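Quick caveat, the model's predicted, so the values are computed rather than measured. Atoms considered below: every heavy atom in the structure, side chains included; atoms not considered: hydrogens, waters and symmetry mates. Just so it is clear: chains get the letters A, B, ... in the order the sequence lines come, proteins before strands, and each one is counted from 1.
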There are 2 protein chains.
Amino acid sequence: MENSELPAEVALMWRLRDTGRRGPKPSLTLDDIVRAAIELADAEGLAAVSMARVAERLGNSTMALYRHVKSKDELLVLMSDAALERPEPLPDGIDWRTGLTFWADGVLTAIRRHRWYAKLPISGPPAGPNNLAWFDCALGALKDTGLPEEAKVGVVMGLITYVQGQIRVAFDLAAGYDENPAAFSQYGATLARVVDPRQLPAVARVLEAGVFDEVGSFEEDSEQDFHFGLQLYLDGIAAFIERVGQDRAR
Amino acid sequence: MENSELPAEVALMWRLRDTGRRGPKPSLTLDDIVRAAIELADAEGLAAVSMARVAERLGNSTMALYRHVKSKDELLVLMSDAALERPEPLPDGIDWRTGLTFWADGVLTAIRRHRWYAKLPISGPPAGPNNLAWFDCALGALKDTGLPEEAKVGVVMGLITYVQGQIRVAFDLAAGYDENPAAFSQYGATLARVVDPRQLPAVARVLEAGVFDEVGSFEEDSEQDFHFGLQLYLDGIAAFIERVGQDRAR
DNA sequence: TCCTTACTGCGTATCTAATACGCTAAATAG
DNA sequence: CTATTTAGCGTATTAGATACGCAGTAAGGA
């Protein structure tokens, strides 16, 4: 029960701080702070999250926050766990592929509510309660595949990376689009202007095929890209499961 | 030849600015600035890259830089293209799978030289000369697969996302490890302390199997993870190529 | 009950960074 | 030779993180 040995941020995420007995009643709670920061980020983006703005939102002074978090980075870590609410548990008896697709859609939906999530730096392997719940959920989907535990972890880590990467790209592009739509609709034309077919023959071929000529609705396009790439990765997992099963049968 | 219609950053990346005739000779060039910024980031990390530090490195004043770049963000965009030197062209007649593996290893090597690269925000689809060269290289590897151009683009975009995501995670974790190695070696123990097997059965199973008990050398582990995930994705591509080939045969 | 002490909120001050603005001087076009 | 551009740069403004220390509060012990 020695919380002292746990990394500070982990203890905070699980709210394991030994509640101090003496002194004034805190008028702020960690939950308040994290919630306010998340609301601010939702409303005005991650860049708007400053200690001062968060404190203002709570009607407190800036420095009061530092009684509850060691630094802004620590606050960001707490936000990153709190933003992902608990996953819906997977329906029972579902096959792994359907399960992981369901899971990936869930991640996408959860992060869509907090687009800044994809911009946060990764501070370590999943350790907060919500992140671990998602991790558990994905691992659980692989329950009946016969993969050894270590392989499940590898598969899920790769999937997380893929999913978060795809989301990050999609949101960054969408943000760039909102900022300067012209640059995007011109994309094909711009490339055509700049690409020398002798230097970049494959890009030139793509341009000639007109792939970049019209960029449809971003939301739809990126949703399609997301699922397309996801299916590729899931096909890869299927091949891997097959391979491991055969090795084992021998 | 109207450069005016090109997005400003693209024109800069391709160095298409119409060289001003009048006025004093510039003592700084854009290349100097970008090179200095990259050296600084290599040496002390992205956080050390401030306009002041870059200028200092060049023996100029801070504000002089603003004659060449509109903002720090623009400088970051220029850095992100300049940091990826040209790819080695793929050996001729190589099959797509070997080609993409070679390509992915090349990306990994290139980014390893500039670890901050993985932290940069994505500002748009590839548009700089170096980024496009890598894009071309990957597309070229799929030349003989019979995939339609649009599908090639989708496959390559997904691959880029996967590769960069994996690299980002690996470097962030490595940075976290350097900062606080204890937190990593304790990871398994920490989870064991905090995980309730009824709440997170799959994670508990992984812990019981001892998967997180010893975390080997990070460089090696992440290299293995990188290739493992890459192979999964490539298996997925193989399945996709197969499928498209069959559809076409019908 | 009163004192000790841990703990809270917060004012102040410092440091770092981005960048707007406007001046001066250098080239070159005409 | 003058008007026009443009480079470099000094100054000042704004924003943000966070160190430091004071003052008041409430629980535990005497």
Nucleotide of C/dC10, C/dT8, D/dG8 approaching B/Ser27 most closely (side-chain heavy atoms): D/dG8
In whole angstrom, what separates A/Leu76's CG from D/dG16's P? 14 Å
To the nearest angstrom, how far is B/Leu65 atom CG from C/dA20 atom C1'? 15 Å
Whether the side chain of A/Trp14 engages the backbone of A/Ala127 through a donor-acceptor N/O pair (distance < 3.5 Å, no angle test) should be reported. yes
Taken to the nearest whole Å, CG/B/Leu75 to C1'/C/dT19 is 14 Å
So B/Val195 and A/Asp136, side-chain contact (heavy atoms from CB on, under 4.5 Å) or not? Walk me through it. CA-CA 10 Å; B/Val195 166; A/Asp136 189 85; over 6 Å; no
Whole angstroms only, please: what is the NZ-P distance between A/Lys70 and D/dA17? 17 Å
By nearest-nucleotide position on DNA chain D, the 5'-leaning member of B/Pro26 and B/Met63 is B/Pro26
Would you say the side chains of B/Thr29 and B/Asp32 form a donor-acceptor pair under 3.5 Å? yes
Any side-chain heavy atom of B/Val107 within less than 4.5 Å of one from B/Tyr117? no
Where the side chain of B/Asp172 meets the backbone of A/Ile122, is there a donor-acceptor pair that is under 3.5 Å apart? yes
In the structure I gave you, are the side-chain heavy atoms of A/Trp116 and A/Met79 within less than 4.5 Å of one another anywhere? yes
Ignoring backbone atoms, test whether A/His68 places a side-chain nitrogen or oxygen under 4.0 Å from the OP1 or OP2 oxygen of C/dG9. yes
Within the sub-3.5 Å range, which N or O atoms of nucleotides 23-27 of chain C have a protein N or O partner, and how far apart are they?
residue, atom, partner, partner atom, Å
C/dA27, O4', B/Gly23, O, 3.2

Indicate yes or no: at least one non-hydrogen side-chain atom of A/Met13 is less than 4.5 angstrom from one of A/Leu78. yes
Length of the CD-P vector between A/Glu74 and D/dA17, whole Å: 15 Å
Can any side-chain N or O of B/Lys72 pair as donor or acceptor with the backbone N or O of B/Val49 at less than 3.5 Å? yes
Expected rows: protein N/O vs nucleotides 16-18 of chain C N/O, under 3.5 Å:
residue, atom, partner, partner atom, Å
C/dA18, OP1, B/Lys72, NZ, 2.5
C/dA18, OP2, B/Met51, N, 2.9

Flag the pair A/Asp81 / A/Val77 as yes when at least one side-chain heavy-atom distance between them is below 4.5 Å, and no otherwise. no
